[in-house]
Amino acid sequence: EAKDSQRAERKPWAHSTCILETGMILANGNRVKHEPTKTSQNDAGRLRPIEGRHNALVKELRRAFAHGELTQQGYCAIEGLRIVEEAIRSGLKFGAVFFSSSGGSKAERLLPQIGNRVDTLLLPDKLFADVVPSETPQGVAALVRCKEFSLSDVLARAQNGPLLTIAGVQDTGNLGT
């Protein structure tokens, strides 16, 4: 009996959290009711794991970042949580969204806002870091189709105020935040 009580006291999961099929969470050894949302369950299944660099979308993202120009399909590569959220708010069309394996919280935050028809890929951290150009990747990147404006559209809007043209800026943070 003493061995059984010692075994019961030892909880290998005492400092971890896991969701059980019953809908309960074991958190530090305590059972807590878990109410998963439909969005989180559906969205989690949308992430398609990609292990190799030979995936066509991964190659397209790498080329778009490397050349700094639109892809053949007209997509632009962007990287970072804020810029992806701004692209969503601006109503831009997404071709694909890429998350690093350590960027799970970003995936939880962004997936409900991204259309179901958009490819969402989960890359190992090393592959993600190899694909995006930043020294400290933020864990999310995307291929988006930017809105196109004609010169006459831009000039018509410029009548309301000053017009600033910027080209070749590698780090937009240098323009201010």
Side-chain angles (χ1 to χ4, degrees), residues 37-161 163-177:
T37 62
K38 284 185 179 178
T39 348
S40 65
Q41 285 179 337
N42 292 342
D43 289 337
R46 288 180 53 197
L47 284 173
R48 183 167 44 115
I50 302 294
E51 294 297 324
R53 61 181 58 240
H54 301 292
N55 175 277
L57 288 170
V58 171
K59 285 180 179 180
E60 187 174 5
L61 181 68
R62 181 184 290 115
R63 274 193 303 271
F65 275 128
H67 298 291
E69 52 191 41
L70 299 179
T71 66
Q72 289 179 348
Q73 292 80 20
Y75 289 106
C76 171
I78 60 174
E79 194 249 337
L81 181 62
R82 287 187 180 170
I83 194 165
V84 171
E85 285 181 322
E86 186 58 38
I88 292 168
R89 278 192 295 278
S90 298
L92 299 184
K93 181 182 178 201
F94 283 77
V97 182
F98 305 80
F99 295 97
S100 68
S101 56
S102 63
S105 63
K106 291 174 180 73
E108 282 181 25
R109 181 173 172 170
L110 293 173
L111 284 173
Q113 302 175 58
I114 299 169
N116 288 333
R117 295 183 182 177
V118 175
D119 281 321
T120 52
L121 298 96
L122 182 64
L123 308 179
D125 288 338
K126 180 163 179 12
L127 177 59
F128 188 89
D130 289 345
V131 172
V132 299
S134 61
E135 289 181 25
T136 53
Q138 295 184 31
V140 60
L143 290 170
V144 296
R145 181 161 288 134
C146 295
K147 293 180 181 177
E148 293 183 21
F149 298 96
S150 68
L151 180 58
S152 59
D153 291 337
V154 173
L155 293 175
R157 291 178 187 216
Q159 291 179 6
N160 297 334
L163 174 65
L164 176 64
T165 304
I166 301 169
V169 176
Q170 291 182 354
D171 184 357
T172 55
N174 290 335
L175 293 172
T177 55

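Just so you know, residue 1 is the first one in the sequence shown, and it goes up from there.
Although no hydrogens or angles enter the test, the distance criterion places a donor-acceptor pair under 3.5 Å between the side chain of T120 and the main chain of R46. A donor-acceptor pair under 3.5 Å is formed between the side chain of K106 and the backbone N or O of Q138. Without hydrogens or angle criteria, K93 side chain to K147 main chain gives no donor-acceptor distance under 3.5 Å. Listed for the D125 side chain is a donor-acceptor partner under 3.5 Å among the backbone atoms of S101. Between the E79 side chain and the A141 main chain, no donor and acceptor come within less than 3.5 Å of each other.
Looking at N55 and R48, their side chains come closer than 4.5 Å, going by heavy atoms from C-beta outward. Proximity of R145 to C76: side-chain heavy atoms (C-beta onward) are nowhere separated by under 4.5 Å. Two residues are said to be in side-chain contact when any heavy atoms from C-beta on lie closer than 4.5 Å; L47 and L121 fail this criterion. Using a 4.5 Å heavy-atom cutoff, the side chains of R109 and L81 are in contact. Contact annotation: the side chain of I88 never approaches that of L92 to less than 4.5 Å [non-hydrogen atoms, C-beta and beyond]. The shortest side-chain heavy-atom distance between T71 and R63 does not fall under the 4.5 Å cut-off.
Summarising the geometry, atom CG belonging to L111 is positioned 4.5 Å from atom CZ belonging to F99; distances are rounded to the nearest 0.5 Å. Interatomic distance, CD1 of I50 versus CG of D119, reported as 8.5 Å (0.5 Å rounding). Atoms CG and CZ, from L61 and R53 in turn, are 12.5 Å apart once rounded to the nearest 0.5 Å. Here L123 contributes atom CG and L127 contributes atom CG; the two are 5.0 Å apart, rounded to the nearest 0.5 Å.
For Q73, the CD atom counts as densely surrounded, since its 6.0 Å shell holds more than 12 non-hydrogen atoms of other residues, nucleotides or ligands.
Looking at every heavy atom in both residues, L57 comes nearest to F98 through O-CZ, 3.5 Å. Residues S100 and L122 approach most closely at O-CD1, 3.6 Å, considering heavy atoms. Of all the heavy atoms in V132 and F65, the pair that sits closest is CG1-CE1, 3.7 Å.
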Run the salt bridge (Lys or Arg N to Asp or Glu O under 4.0 Å) check on E86 and R89 step by step: do they pass?
CA-CA 5 Å; E86 186 58 38; R89 278 192 295 278; 3.0 Å; yes

